[in-house]
Amino acid sequence: MAGGFDLRSRLSAVARSVWAKHDVLGEGWLPLWCHMQDSAAVAGLLWDGWVPERVRALVGGALPEGEVDGRRLVVWLAGVHDIGKATPAFACQVDALADRMRDAGLEMPYRAGLGADRRLAPHGLAGQLLLQEWLKERHGWPGRVTGQFAVVVGGHHGVPPEQVALLELDGRAELVRTPGGSEGAWLRVQGELLDGCAAEFGVEERLGQWRGVRLPQPVQVVLSGLVIMADWIASNPDLFPYFPLETGYDGGRRVAAAWRGLDLPGPWRPRVSQEDAPVLFASRFELPPGAVVRPVQAAAVEMARAIPGAGLLIVEAPMGEGKTEAALAVAEVLAARAGAGGVFFALPTMATSNAMFPRLLDWLDRLPAEGGERLSVLLAHSKAALNRDAAELRARSRQRVAAVDVDGAQRVPKVGEEGAGPAELVAHQWLAGRKKGLLSSFVVGTIDQLLFAGLKARHLVLRHLAVAGKVVVIDEAHAYDTYMNAYLDRVLGWLGAYGVPVVVLSATLPAARRRELAQAYAGAGGDEGRFAAVEQAREYPLLTAVCAGHDPLLGRPAASGRGGEVRLERLEDDLEALADRLEDDLAGGGCALVVRNTVDRVLEAAAVLRGRFGADSVSVAHARFIDTDRAENDRRLLELFGPDGSRRPERHIVVASQVAEQSLDVDFDLLVSDVAPVDLLLQRVGRLHRHQRSGRPARLREARCLLTGVDWSAPVPAPVRGSEAVYGRHALLRSLAVLHPHLEERRGLSLPGDISALVQAAYGDGSVGPAQWAPVLQEARLVHEQLQDTKAKAADVFRIREAGKDGRSLMGWLAGGTGDADDTRAGRAQVRDSPESLEVIVVEELEDGSLATVSWAGEGRGGLPLPTGSAPSPRAAKAAAACGLRLPARLAKSYVIDRVIAELERFYFESWQVKENPWLAGQLILPIRPGCPTLLAGFRLMYTRENGLEVSSADA
DNA sequence: AATAAAAAAAAA
């Protein structure tokens with residue numbers, strides 16, 4: 001077994017006296033030699049049993065003897081990672097353990113004696129220095145090639161050191177070896193430990209050849225990640241107990257027990273499938289009876305098989321073409337080819353991630369698996385703890401991580417573990433938590449979780465290691481702005497460098513954006529002409545495949561979807577006019593959707609329409625509701641207007657903000673919409689006559705969209721102020737311009753036939769719209785371009801660089817980054833460019849002044865008492881945590897936010913800040929009485945189930 | 001001081 005190292009026998013008693021860990025509370029400690037061989041053994045086991053083939057091939061590809069060398073290298077680096085602990089700067093910290101070393105002949109000052117200078121010699125940095133010295137002096141390496149290996153040691157606490165720090169430490173020899181009588185002893189001990197590691201971990205004979213190696217930066221990153229992972233596992237005292245041990249020391253047995261106790265699921269090992277698309281889809285998805293594979297799906301799988309190497313595949317197609325299934329099928333094909341050990345499915349929102357999660361689980365259940373195979377799965381976003389599917393999975397796979405001795409209890413085989421059958425899906429305990437979670441094999445999460453791979457932050461290497469072994473799927477790629485795109489492109493560049501297959505899903509992408517994505521993945525390198533065809537393609541649906549060093553492939557499968565025609569009409573921006581019009585159009589019944597660009601416009605329209613049609617016939621949807629209410633609103637919309645039409649009202653109006661333009665499968669007879677950027681407007685139009693439905697009222701049998709939110713009488717139509725604030729004049733005017741012919745000539749809009757042309761025209765550079773609009777359009781474009789420029793620059797501040805030249809060390813990779821979480825609100829780096837906002841937990845204040853979860857929350861979560869003098873029950877705390885509410889931007893403006901927070905902190909309860917019950921810890925609490933205004937920082941806040949949160953000035 | 005929706009923040 002790989003754990004059978006015996007480093008100890010290679011060391012003198014002095015070298016064996018060096019300590020690595022101690023137990024703050026007790027007497028326990030761990031000698032350095034032991035932690036070295038524990039870590040090395042874990043690294044080897046990870047390499048053999050956890051690291052996906054893709055990552056092994058990546059590392060092996062940089063070394064003369066391939067993956068055999070790769071394993072040696074990672075084991076050795078894990079073995080030596082804490083060599084910096086063999087220094088006075090580190091060892092002096094614990095008196096009792098330092099005294100043992102002093103007794104053995106290693107002199108050192110007391111902790112206080114070194115004082116603040118110890119900060120110059122963190123043990124990671126000291127280790128890098130020692131290792132570089134040793135490679136130069138013992139093995140004759142030129143200094144400049146040592147950094148690419150040693151930086152893995154230097155960065156094992158999450159941030160690769162900067163060059164200046166290394167130089168500074170180099171000038172302070174006393175921190176690394178006590179000068180004077182014992183200097184020789186220190187030198188001998190450090191040399192002994194490094195020599196011993198080289199010999200014991202099998203690299204002594206390899207160092208001669210390795211000095212000629214130029215490690216690519218992606219390889220340095222994954223090596224760093226693996227060493228950190230090995231260190232974290234080997235530093236867990238439940239797995240690797242401290243000395244003194246209850247029984248005798250047996251290195252092999254110690255490691256075997258730990259590995260057995262950790263019980264980490266291995267990587268997915270996808271098989272290369274040759275099935276035709278229809279067979280493949282039928283076996284992997286539950287398709288409705290009679291369903292056939294769509295041309296886009298079949299073509300995507302075919303193209304995935306045709307890509308010459310690891311590649312990027314962009315799938316542009318309208319909704320309803322089964323892009324998600326296509327992505328999973330393609331992921332399986334590409335994973336098998338690339339040796340990827342998992343999938344990361346990134347979506348734009350928590351809600352879409354939650355919806356995707358069970359679909360991924362279903363797919364995993366249908367994948368061919370070997371008997372007893374276990375696969376780790378994770379839902380990754382900030383509120384995943386509240387998700388029921390994820391909680392169930394966690395409960396099912398609960399296990400304690402602790403060493404299990406070989407003679408001890410065997411892990412009880414779970415049902416279905418033996419023999420063929422679906423793999424067991426687990427949420428592994430060790431993989432819980434923000435920094436480790438993504439190391440699970442299958443991850444569904446928000447796009448932010450992927451974009452963080454481009455953000456300079458501590459332990460970034462772990463995120464990269466997680467992503468480097470997977471296939472990455474990016475959904476709704478058209479939905480991200482310039483700031484997020486800057487991160488996305490940088491991440492794509494690294495994914496390309498790792499050889500990670502990527503699937504990008506989108507409705508129509510602006511052609512320039514399509515080229516940017518392709519080029520970002522392929523690397524900036526040289527031949528830009530290669531991508532001209534990618535930008536020129538105008539077909540829809542469209543497949544684009546990119547693979548470094550090859551010309552892009554384009555595929556043009558047929559569209560299968562049913563077509564539809566929609567007529568566009570102008571409607572004056574006036575509430576009475578709107579109500580009149582709806583009274584006419586809904587005279588014979590029918591359901592209308594009114595989409596407004598701001599919440600205030602939603603509420604003012606709803607008020608007027610309720611007056612005309614009655615409160616029961618008008619409902620409101622926007623995002624300024626408590627999370628549970630928001631979910632209930634969505635559920636109700638789906639129930640009334642979803643595919644099952646049995647509860648569809650006779651006559652109803654839904655007034656909604658942009659929440660109605662996203663992912664809800666609802667159908668309306670008539671649409672009224674504020675003018676919006678054309679792609680978003682088309683999404684709204686997608687809610688019109690969406691389902692086949694007989695018996696639409698006669699005057700609504702033709703699909704119509706009434707466009708409003710514009711002063712149509714102006715020489716150049718002028719969108720209302722709120723719309724401009726949200727979307728900018730440029731996007732709105734371009735949208736109006738490309739729609740102009742349809743409005744003027746009353747030419748219907750064909751769906752999905754016209755989508756691509758409209759989007760390309762609106763987002764292209766060509767002139768659009770009547771000639772007399774040109775000056776206004778031009779001015780709006782300049783403003784827009786300046787704003788995009790600002791955003792791109794802002795995104796660059798905390799963004800990592802592209803991978804540097806092979807052999808260039810990773811030192812300074814995260815320089816100028818965010819480092820540890822800094823607690824100032826403003827200083828926090830982000831992957832979304834948005835102004836500050838505040839989220840509160842809404843609770844209900846009862847008559848007697850006590851607090852409880854809001855009484856109307858469903859699913860047994862309502863009215864649970866929240867005592868302020870003691871910790872609430874976990875059930876009540878979790879129920880309360882589900883009642884999050886984002887406050888409107890005006891409460892988070894820089895001039896008022898401090899006051900808002902200060903006033904909310906009146907409801908900071910010490911007893912709620914407990915670790916064991918973290919649901920409410922650190923949250924801002926907003927107590928309300930439904931229907932009664934609450935005063936906060938000079939504002940009147942009013943929450944009702946009908947309208948959500950309304951804010952007005954307190955003195956109004 | 002009037003503008004959507006969207007996400008998010010612990011180590012060895």
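Numbers restart at 1 for each chain; the letters A, B, ... are given by sequence-line order, proteins then strands. Everything quoted here is computed from the prediction, not taken from an experiment.
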**Report entry** Earlier contact from the 5' end, DNA chain B, for Arg630(A) and Pro237(A)
**Finding:** Arg630(A)
Query - Tyr895(A) over dA1(B), stacked by centroid distance under 5.5 Å, angle under 30° - result: yes
Query raised in the report: Among Val152(A), Val153(A), Leu77(A), Leu460(A), which residue meets the side chain to side chain contact (heavy atoms under 4.5 Å, CB included) test with Ser224(A)?
Result: Val152(A)
Query raised in the report: Can a donor-acceptor pair under 3.5 Å be found between the side-chain atoms of Ser837(A) and the base atoms of dA8(B)?
Result: yes
Report task. Examine the base of dA7(B) for any acceptor or donor lying under 3.5 Å from a partner atom in the side chain of Ser834(A), and report the outcome as yes or no. Result -> yes
Query raised in the report: NA contact type, Ala623(A), heavy-atom cut-off 4.0 Å: base, sugar-phosphate, or nothing?
Result: sugar-phosphate
Requested in this report: Measure the acute angle between the ring planes of Trp813(A) and His464(A), then classify it against the limits of 30° and 60° as parallel, tilted or perpendicular.
Outcome: perpendicular
**Report entry** Distance test, side-chain N/O of Ser235(A) to OP1/OP2 of dA12(B), below 4.0 Å
**Finding:** no
Query - Nucleotide nearest Thr446(A) (side chain, heavy atoms from C-beta), chosen from dA7(B), dA2(B), dA12(B) - result: dA7(B)
Query raised in the report: How would you label the contact of Arg886(A) with the nucleic acid (heavy atoms, under 4.0 Å): base, sugar-phosphate, or nothing?
Result: base
Query raised in the report: Atom CG of Leu460(A) and atom C1' of dA11(B): how far apart are they, to the nearest Å?
Result: 16 Å
**Report entry** Between CD1 on residue Ile474(A) and CG on residue Leu488(A), distance to nearest 0.5 Å
**Finding:** 5.0 Å
